[in-house]
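Letters A, B, ... mirror the listed sequences (proteins, then strands); counts begin at 1.
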Protein chains: 2
Amino acid sequence: MAREQAGRRPTVETISAEAGVSVSTVSRALRNDPRISAERREAIAAIAQRLGYTPHANARALVTRRTGIVGFVTGSRSNPFYPQLLETLVERARLRALRIMPLHMSRDPLSESSIQALLQYQMDGCIITSAELSSRAADICQANEVPLVMVNRVPRLHGCAVSCNNFAGGEMIGAFLAAGGHRRIAIVLGTPNASTSSEREAGASQAAARAGLEILARVAGHSTYAGGFEAASVLWSLPERPDAIFCVNDIMAFGMMDGLRRLGVRIPEDVSVVGFDDVDQASWGAYDLTTVAQPVGDMVDRALDMLDMRIRRPGLAPEIAYLGGLLKVRSSARSAPA
Amino acid sequence: MAREQAGRRPTVETISAEAGVSVSTVSRALRNDPRISAERREAIAAIAQRLGYTPHANARALVTRRTGIVGFVTGSRSNPFYPQLLETLVERARLRALRIMPLHMSRDPLSESSIQALLQYQMDGCIITSAELSSRAADICQANEVPLVMVNRVPRLHGCAVSCNNFAGGEMIGAFLAAGGHRRIAIVLGTPNASTSSEREAGASQAAARAGLEILARVAGHSTYAGGFEAASVLWSLPERPDAIFCVNDIMAFGMMDGLRRLGVRIPEDVSVVGFDDVDQASWGAYDLTTVAQPVGDMVDRALDMLDMRIRRPGLAPEIAYLGGLLKVRSSARSAPA
DNA sequence: TTGAAAGCGATACCAA
DNA sequence: TTGGTATCGCTTTCAA
């Protein structure tokens with residue numbers, strides 16, 4: 001029975017009283033249940049509109065067991081790729097009536113409270129895109145049957161994943177550098193054990209090998225600006241200097257370019273530098289970085305597709321998608337003469 | 001009565017059955033209600049632990065009318081200040097058992113569905129930090145009595161706000177440039193009507209005036225990289241060229257520097273460039289930008305304080321806090337000889 | 001200190 | 001097509 005609650009938001013009950021129908025009917029009408037006659041539905045919609053009614057997601061979630069919330073675990077914004085991914089995700093999710101809740105956004109270890117939130121808020125699914133943090137969160141998801149999609153990360157055992165075709169992207173880079181007449185290619189690796197890093201490196205190495213080139217050196221860059229910056233000194237003090245440097249992601253390439261210039265090295269005259277990701281800064285004048293653009297929009301849509309399907313049909317077999325990247329030729333690397 | 005639900009997460013009822021006490025007791029024990037005896041509480045905690053119990057936030061929210069969710073409205077990541085703010089916010093909020101839900105993260109107009117989400121999910125509060133979007137969201141919050149704090153934005157009528165002391169920061173910049181012997185200062189403005197932009201500009205102008213200088217020119221930069229880049233040509237084709245350029249935020253300063261260099265202008269030999277924000281890229285080698293660092297961590301904490309208090313005590317009077325910024329002297333501008 | 005029971009706001013089953 | 005009612009998981013009076 002409806003106790004009149006002053007100053008509270010209207011509920012289905014408020015509407016049902018107003019319309020002189022049951023709450024079931026109101027609920028159905030509001031969700032466009034075909035069983036409700038058109039005129040009644042319109043009448044109810046009008047009342048809802050007039051009252052400024054908005055359904056309470058919590059109450060609904062309690063019975064439907066669907067919250068419409070998707071958790072998101074990511075690395076720090078110090079790699080601009082992550083904010084770009086998040087921004088795209090929030091926007092694309094909205095179009096599917098899904099909301100993103102960032103659980104973690106830093107290099108710190110995943111805190112227990114972040115994990116708890118995933119369960120407490122009964123999130124419908126989770127998207128993970130940080131190499132370091134994935135295992136822990138993945139375990140929790142699996143144990144609690146929360147659909148999970150990894151982005152830019154190969155699932156450990158089984159699970160869903162969407163990723164740029166890193167190997168193919170690496171190959172593009174390798175082939176591009178070889179075609180540009182480079183003979184001494186060095187590679188700066190990212191986060192240790194990250195699949196993105198090793199796949200891109202493998203692709204580039206293979207393409208180089210195909211052109212009869214061996215990789216001159218492989219050094220660590222830790223997927224940070226500082227790592228790339230420091231790698232510059234390391235590579236430039238090698239007995240044989242590289243004529244091309246492939247940083248497996250853009251953020252390291254920026255550090256590399258700044259590090260090299262600090263040493264007086266000219267880019268691309270003395271050495272070509274290429275990256276991977278095509279974040280915003282790659283097209284900035286200071287870098288104008290040749291790189292491989294990840295198809296972020298498509299990746300996000302694909303990830304949401306996978307998630308959506310598994311939210312609807314739990315237990316669906318895991319699936320992995322590789323989406324092709326696009327080589328962006330800019331001025332940080334010498335190209336083959338046209 | 002507890003119907004045995006296979007494969008479902010344990011609830012207070014599961015625990016109550018296991019412990020042989022009522023659900024009320026379980027609920028109280030789990031929340032450390034002092035009325036429950038220590039031994040009983042421990043026993044219940046142990047069972048909860050063993051069962052892997054986690055409270056359902058939705059169910060709890062339904063009765064307590066508190067969700068622990070704070071909405072966040074922000075501009076696009078193309079200004080790196082926003083991701084930095086978000087990252088800090090997520091982390092600091094976690095420490096207070098609050099979760100952040102991004103409602104909007106782009107330059108697009110605020111969509112109706114984003115607004116709806118604020119109400120549907122019964123968010124406890126909202127933090128807004130985009131100049132363009134604030135009015136709309138602020139109205140909704142006010143109408144629905146959702147506590148709101150604006151960050152880096154002066155509230156229109158009344159409302160809470162936390163902001164860097166933009167005027168003082170602008171003054172630091174103006175004084176610094178004057179002390180460095182600059183005589184012809186130009187200012188690149190950001191988003192039209194944004195308080196941050198006009199306050200910083202006013203501060204710098206005033207400090208310049210105090211040093212007997214008039215601002216040479218004021219041009220639009222739209223708070224984007226491209227805007228800064230284009231402003232470079234505008235300023236450099238002025239009959240009298242500036243010897244210092246203050247971009248009211250870093251993102252425009254990056255565009256400015258790249259634009260100037262494109263024109264063959266040397267920084268800081270030909271012209272000094274300074275910014276405001278101290279985003280990550282400001283310390284990158286390519287820019288090494290002199291700027292004012294916003295105290296992001298403190299700002300976020302302060303904003304959460306304000307929100308927290310108003311969630312607890314609705315109707316608390318609005319409050320505004322200005323936090324001091326810190327001048328970061330780097331090499332993009334000539335300094336006064338020591 | 002503990003328990004029984006009434007909600008919170010919505011959905012969904014079962015009848016009519 | 002519609003209504004009555006149980007239910008989702010938890011908190012919170014009100015009694016004991």
Determine, for nucleotides 10-16 of chain C in 5'-to-3' order, which nucleotides have protein heavy atoms under 4.0 Å from the base (write B), from only the sugar-phosphate (write S), or from neither (write -). BBBB---
Say whether A:Arg107 and A:Ser76, considering side chains only, have a donor N or O and an acceptor N or O under 3.5 Å apart. no
Expressed as a whole number of angstroms, how long is the span from A:Ile15:CD1 to C:dG9:C1'? 12 Å
What is the distance, to the nearest angstrom, from the CZ atom on A:Arg65 to the P atom on D:dC10? 10 Å
I want to check one thing: is the phosphate of D:dT2, taken as OP1 and OP2, less than 4.0 Å away from some side-chain N or O of A:Arg40? yes
Check: residues 38-54 of chain A side-chain donor-acceptor pairs under 3.5 Å, at least two apart:
from: A:Arg50; atom 1: NH1; to: A:Glu18; atom 2: OE2; distance (Å): 3.4
from: A:Arg50; atom 1: NH2; to: A:Glu18; atom 2: OE2; distance (Å): 3.2
from: A:Thr54; atom 1: OG1; to: B:Gln116; atom 2: OE1; distance (Å): 3.2

Provide, to the nearest angstrom, the distance between the OH atom belonging to A:Tyr121 and the C1' atom belonging to D:dG9. 15 Å
Rounded to the nearest angstrom, tell me the gap between atom CG in A:Asp33 and atom P in D:dT1. 10 Å
Are any side-chain N or O atoms of A:Ser114 and backbone N or O atoms of A:Leu103, one a donor and one an acceptor, separated by less than 3.5 Å? yes
Shortest non-hydrogen pair, B:Asn58 vs A:Thr67, comes out as ND2-CG2, 3.4 Å
State the CG-NE2 distance between A:Leu62 and B:His56, to the nearest 0.5 angstrom. 9.0 Å
Please name the pair of heavy atoms, one in B:Leu86 and one in B:Met105, separated by the smallest distance, quoted to 0.1 Å. CD2-CE, 3.7 Å
Nearest whole Å is fine: how far is D:dT11 C1' from B:Arg66 CZ? 14 Å
Spacing of B:Leu62 atom CG relative to D:dG9 atom C1', expressed in whole Å: 9 Å
Using five pairs at each end of the helix from C:dT1-D:dA16 to C:dA16-D:dT1 to define an axis, what is the angle between those two axes, to 10°? 40°
Tell me whether the count of non-hydrogen atoms from other residues, nucleotides or ligands lying under 6.0 Å of CZ in B:Arg96 goes above 12. yes
For atom CD1 of B:Ile36 and atom C1' of C:dT1, their distance in whole Å: 7 Å
What is the separation between atom CD on B:Gln120 and atom P on C:dG9, rounded to the nearest whole Å? 15 Å
Can you find a side chain N or O atom of A:Thr25 that sits less than 4.0 Å from OP1 or OP2 on D:dG3? yes
For A:Asn193 and A:Arg153, the nearest pair of non-hydrogen atoms, with its separation, is O-NH1, 4.1 Å
So, B:Arg31 and B:Ser27: side-chain donor and acceptor under 3.5 Å apart, yes or no? yes
